[in-house]
Amino acid sequence: MATNTNEQERHRKKENFLKQFRDEQSKEFQQLNAHQFMEIWSHYDTDGNGFIEGHELDDLLRELASSVNTSDTGLDLISDSVLRELKECFLEAYDENADGRIEIGELAEILPTEENFLLLFRKDNPLESSVDFMRVWKQFDTDCSGYIEADELKQFIKTLLNRRQGNKVTEEKLIEYTDTI
C-alpha cells in the first residue's frame with residue numbers, strides 16, 4: 001500500500017507532458033507531426049530500448065487520460081482498475097504483435113500517412129543533408145511537377161537510400177516504405 005501511495009505522490013508532483021499537445025479549449029489532440037511524435041516517444045521510452053512497456057506505458061496512459069482534465073489535479077484520479085482496462089484496450093488497438101509492449105511503428109499509426117512515413121524513414125535512415133534528397137528527387141520528378149508517380153516511388157526510395165554509403169536497403173524495407181506512402 002505504501003508503494004502505491006508513493007507512486008501516486010510521484011505522479012501528482014510531475015506535470016502532464018501530453019497537455020501541451022492538446023487544444024486548451026476543446027482538449028482535442030492537435031495534429032502531430034513526426035518531430036512532435038518523436039518528442040513524445042522519447043519522453044515515455046525512458047530506458048531508450050525502443051519500446052513503451054511496463055511503468056512507461058502506465059505513465060503514458062495515466063497522462064493520456066488525465067490530459068483532458070481542465071484542472072491541474074494529479075494523475076491519481078485514474079484508479080488502478082481503470083488503468084488496467086485502459087491498458088488492455090490500448091494494447092488491443094495498437095500492439096499488433098501482441099507482445100504486451102508498444103513499438104514505435106505500432107504507435108506511429110496514429111500519425112497521418114506522410115508523417116508516419118517521415119517518422120519511420122527518419123528513424124531508420126537519418127539523412128546527411130537535404131541536398132542529397134533533392135538530387136534524387138529531381139532525377140525522378142523530371143517534369144518538375146513536385147510529384148513522383150506511384151510506379152516510380154519504390155525506385156525513388158531505393159535510390160535515395162542506396163546513396164548513403166554502405167546502405168543497401170532490403171526488399172522488405174522498400175515494400176514497407178512504399179506501402180506506408
Side-chain angles (χ1 to χ4, degrees), residues 1-127 157 169-170 172-181:
M1 187 71 164
T3 303
N4 193 22
T5 304
N6 291 340
E7 188 174 314
Q8 287 178 346
E9 185 64 29
R10 180 175 60 95
H11 286 297
R12 203 177 297 120
K13 288 181 180 177
K14 88 177 183 184
E15 189 175 319
N16 188 310
F17 185 76
L18 291 177
K19 276 192 175 185
Q20 67 184 303
F21 300 102
R22 289 196 183 269
D23 180 82
E24 286 187 38
Q25 280 74 39
S26 71
K27 298 300 177 195
E28 290 182 16
F29 268 111
Q30 301 165 2
Q31 187 69 40
L32 294 176
N33 61 37
H35 176 76
Q36 291 167 319
F37 182 90
M38 281 306 296
E39 187 178 342
I40 292 170
W41 183 267
S42 296
H43 179 81
Y44 291 102
D45 182 18
T46 56
D47 61 6
N49 71 349
F51 300 97
I52 295 180
E53 57 192 338
H55 73 83
E56 297 168 334
L57 185 55
D58 291 348
D59 289 349
L60 169 68
L61 294 174
R62 281 187 195 279
E63 288 195 15
L64 181 64
S66 65
S67 66
V68 296
N69 194 354
T70 55
S71 68
D72 283 330
T73 55
L75 300 174
D76 57 338
L77 294 177
I78 311 302
S79 70
D80 290 341
S81 62
V82 169
L83 179 64
R84 276 192 303 277
E85 189 175 327
L86 182 58
K87 191 176 198 175
E88 185 179 305
C89 291
F90 192 83
L91 288 172
E92 185 177 315
Y94 294 105
D95 186 15
E96 294 173 9
N97 61 4
D99 65 354
R101 56 190 185 172
I102 302 297
E103 298 174 32
I104 196 166
E106 293 171 330
L107 194 56
E109 295 299 318
I110 67 170
L111 293 172
T113 301
E114 64 277 3
E115 292 295 332
N116 185 327
F117 170 74
L118 287 174
L119 173 78
L120 295 176
F121 187 83
R122 231 188 274 172
K123 178 183 159 281
D124 292 341
N125 305 285
L127 293 174
I157 294 170
V169 65
T170 65
E172 182 180 290
K173 276 295 182 186
L174 271 177
I175 291 169
E176 178 185 346
Y177 291 144
T178 305
D179 288 347
T180 301
I181 292 176

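No experiment lies behind these values; they were computed from the predicted model shown.
- Using a 4.0 Å cut-off between charged side-chain N and carboxylate O, R62 and D80 make a salt bridge.
- Put simply, CH2 on W41 and CZ on F51 are 8.0 Å apart, with the number rounded to the nearest 0.5 Å.
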Applying side-chain contact (heavy atoms from CB on, under 4.5 Å) to L107 and F37, what does each step give before you reach the verdict?
CA-CA 9 Å; L107 194 56; F37 182 90; 4.0 Å; yes

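- Ring orientation note: the planes of F90 and Y94 are tilted relative to one another, at an angle of 30° to 60°.
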Evaluation steps, side-chain contact (heavy atoms from CB on, under 4.5 Å), between L18 and L60
CA-CA 9 Å; L18 291 177; L60 169 68; 4.0 Å; yes

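- The distance from the CG atom of D47 to the CD1 atom of I52 is 10.0 Å, given to the nearest 0.5 Å.
- In the displayed structure, Q30 atom CD is contacted under 6.0 Å by more than 12 heavy atoms of other residues, nucleotides or ligands.
- Of all heavy-atom pairs spanning R22 and K27, the tightest one is NH1-O, 2.6 Å.
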For side-chain contact (heavy atoms from CB on, under 4.5 Å), just list the numbers for T46 and H55, CA-CA rounded to whole Å, side-chain angles, deciding distance to a tenth of an Å, and then say yes or no.
CA-CA 10 Å; T46 56; H55 73 83; 3.8 Å; yes

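- E56 contributes a side-chain N or O that, together with a main-chain N or O of E53, makes up a donor-acceptor pair within less than 3.5 Å.
- Within the 4.5 Å cutoff, the side chain of I104 has heavy atoms near those of the M38 side chain.
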L57 vs Y44, side-chain contact (heavy atoms from CB on, under 4.5 Å): CA-CA, chis, key distance, verdict
CA-CA 7 Å; L57 185 55; Y44 291 102; over 6 Å; no

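- Side-chain N or O atoms of E96 include none that pairs as donor or acceptor with a backbone N or O of E106 at under 3.5 Å.
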Going through the checks in order, is the salt bridge (charged side-chain N to carboxylate O under 4.0 Å, His left out) test met by R84 and D58?
CA-CA 9 Å; R84 276 192 303 277; D58 291 348; over 6 Å; no

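- L86 CG to S79 OG: the interatomic distance, rounded to the nearest 0.5 Å, is 10.0 Å.
- N16 and S67 share no side-chain donor-acceptor pair at under 3.5 Å.
- Side-chain atoms of Q20 and E39, non-hydrogen and from C-beta on, do get closer than 4.5 Å to each other.
- The line from CG of D95 to CD of E88 is 12.0 Å long, rounded to the nearest 0.5 Å.
- Separating the CD atom in E85 from the CG atom in L61 is a distance of 12.0 Å, to the nearest 0.5 Å.
- A distance of 10.5 Å separates CD1 in I40 from NE2 in H35, rounded to the nearest 0.5 Å.
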